[in-house]
> 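Can you read through this structure? Questions will come right after.
Lettering of chains follows the sequences in order, A, B, ..., and the numbering in each one begins at 1.
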Amino acid sequence: MNILILPIQVFLSIVLLFAISRVYLRLKDKVLSIGEFLFWISVFSFALVGVIEPQFTTYIAQMVGIGRGTDVVIYISIVLLFYLVFRTNVLIENTRHDITKLVRKISLSNLDKKSSRDKKSSKK
Amino acid sequence: MKCLIIVPAFNEATVLQQVLLSIKKNVPSFSILVVNDGSSDNTSDIASKVKKVRVANHPINRGLGAAINTGLSFAKKNNFDLAVTIDADGQHDPKDIKKLIKPIINNQADIVIGSRIISTLGQIPLDRIIIIKASNFLTWLLYGETTTDSLSGFRAFSKKAIKSIHLKTDRMEVSNELFSEINRLKLKVKEVPIRVIYTNYSRSKGQKNTNAISIIFKLMLRLFR
C-alpha cells in the first residue's frame with residue numbers, strides 16, 4: 001500500500017473524512033434515514049479508498065472491463081450526478097406540490113369565511 | 001342535481017366578465033367558482049362583481065393543474081354532483097355545457113371531454129393540431145389511454161370522479177395526468193364535440209408550444225413521486 005505522499009491526496013482525504021463525519025452527525029440528528037446514511041457512507045468511503053489507494057480504482061476497472069481506474073471514477077461520478085439531479089428534481093416537485101396544497105387550503109378557508117360572513121350579513 | 005362550473009383564471013380581466021355572464025345565461029341554476037390563480041391584474045375584483053359567482057383566490061400563482069384541483073376540492077367538500085371546468089379566456093362556448101354534462105346525467109360516463117378535434121378540425125391552427133396530436137400520443141404512451149383531445153380544458157366530472165380523482169401535477173401537464181387517473185380508477189370516459197373560438201387573445205393565453213419538453217419531463221417525474 002502506498003503511503004500518502006501527494007498534498008492533493010491529503011487535502012482530498014481531509015475533505016472526505018469531513019463529509020463522512022457530517023453524514024454520521026446527520027444520522028445522529030435523525031435527518032438522514034439508515035438507507036440514506038448507508039448510501040452516502042458508501043459513496044464517500046469508496047472515494048476515500050480511491051484517493052488513498054489509487055490502484056483500487058484500477059482493480060475495479062479491470063474487474064468491470066474498463067481500461068483505467070480514472071475512467072471508472074468518471075463513469076461512476078456521471079451516473080451518480082445524474083441520479084442526484086433526478087432525486088433533487090423529484091424533491092423540488094414534491095415541495096412545490098406541498099406549497100400548492102397550502103395555497104389551496106388558504107384559498108378555500110378564506111372562501112368559507114367569506115361565505116359565512118355574507119350569510120350573516122344577509123340575515124341582518 | 002348540484003352542479004358547479006369551475007373557471008380557472010390567471011390574468012383574465014379582459015374577457016372574464018363576458019365569459020361568466022355567458023355561463024350564467026346558459027346554465028343559470030349552476031354554481032360558479034372562479035379560481036383566481038394569483039393574478040396580478042384585477043381578475044378577482046371582476047369575478048367578485050358578477051352576482052352569485054364565488055371566487056377562490058390563490059395567494060400566489062400555482063398553475064392550471066393547481067387551480068383545477070382547487071375547484072375539484074371545493075366541489076368535493078361541498079358535495080356537488082357534477083363539476084365542469086371551462087377556460088376563462090373565452091375559447092369555449094358555454095352553450096356546449098349542456099351537451100357536455102348529458103352523458104353524466106344519463107349515467108353513461110364519469111368524465112366527459114369536450115373534444116376540439118372531433119368537430120372543428122378545420123378551425124384549429126396547424127401548430128395547435130400538431131401539439132394536440134403529440135400530446136395524445138404521449139398520453140397513450142405513458143398511460144395507455146386513447147383520446148382525441150388530451151389538452152382540452154372543457155371537461156365534465158361526475159360525483160364519482162370528483163371524489164376519487166387525485167391530481168399531483170400543478171401546471172399544464174395536468175391535462176395528461178388526468179388520463180393516468182382515468183386509467184388507475186377505471187373511470188368511464190366519453191368525448192363530445194365542442195365549438196372552439198380561437199382569437200388572438202385566447203391563443204396568447206393558451207398552452208405554449210414550447211412547453212412540450214417541460215411537460216414531458218414533469219410527467220416522467222410524476223411516475224417517481
> Near B:Lys159 NZ, under 6.0 Å, is it more than 12 heavy atoms from other residues, nucleotides or ligands?
yes
> For A:Asn110, is it the side chain, the backbone, both or neither that has a heavy atom under 4.5 Å from a heavy atom of chain B?
neither
> Can you see which heavy atom on A:Ile99 is nearest to which on B:Ile60, and at what distance?
CG2-CD1, 4.0 Å
> With a 4.5 angstrom heavy-atom cut-off, is it the side chain or the backbone of A:Asp118 that approaches chain B, or both, or neither?
neither
> For B:Gln17, does the CD atom have more than 12 heavy-atom neighbours from other residues, nucleotides or ligands under 6.0 Å away?
no
> If you look at every heavy atom in B:Thr70 and A:Ser107, which pair is closest and at what distance?
CG2-OG, 3.8 Å
> CG of A:Leu102 to CZ of B:Arg62: how many Å apart, nearest 0.5 Å?
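Answer rounded to 0.5 Å: 10.0 Å.
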> Using a cut-off of 6.0 Å, state whether more than 12 heavy atoms not belonging to A:Lys114 lie near its atom NZ.
no
> Is there a side-chain contact between B:Asn69 and A:Thr100 (heavy atoms, below 4.5 Å)?
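The answer is no, as the side chains (C-beta and beyond) never meet within the 4.5 Å cut-off.
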> So how far is it from A:Ile106 CD1 to B:Asn57 CG, rounded to the nearest 0.5 Å?
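Nearest 0.5 Å value for the CD1-CG distance: 11.5 Å.
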> To the closest 0.5 Å, what do you measure between CG (B:Asp170) and CZ (A:Arg96)?
8.5 Å
> Kindly check if the number of other-residue, nucleotide or ligand heavy atoms within 6.0 Å of NZ (B:Lys190) is above 12?
no
> Quick one: closest heavy-atom pair of B:Ala66 and A:Arg104, and the distance?
O-NH2, 2.9 Å
> Give, as side chain, backbone, both or neither, the part of B:Asn78 having an atom under 4.5 angstrom from any heavy atom of chain A.
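Neither; nothing under 4.5 Å.
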> Are there over 12 heavy-atom neighbours, none belonging to B:Lys163, within less than 6.0 Å of that residue's NZ?
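At most 12 heavy atoms, drawn from other residues, nucleotides or ligands, come within 6.0 Å of this atom.
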> Using modelled atom types and a 3.5 Å cut-off, is there a donor and acceptor pairing between side-chain atoms of A:His97 and backbone atoms of B:Lys168?
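Yes; judged by distance alone, with no hydrogens or angles, the pair exists.
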> At a 4.5 Å cut-off on heavy atoms, which part of B:Val35 comes close to chain A: side chain, backbone, both, or neither?
neither
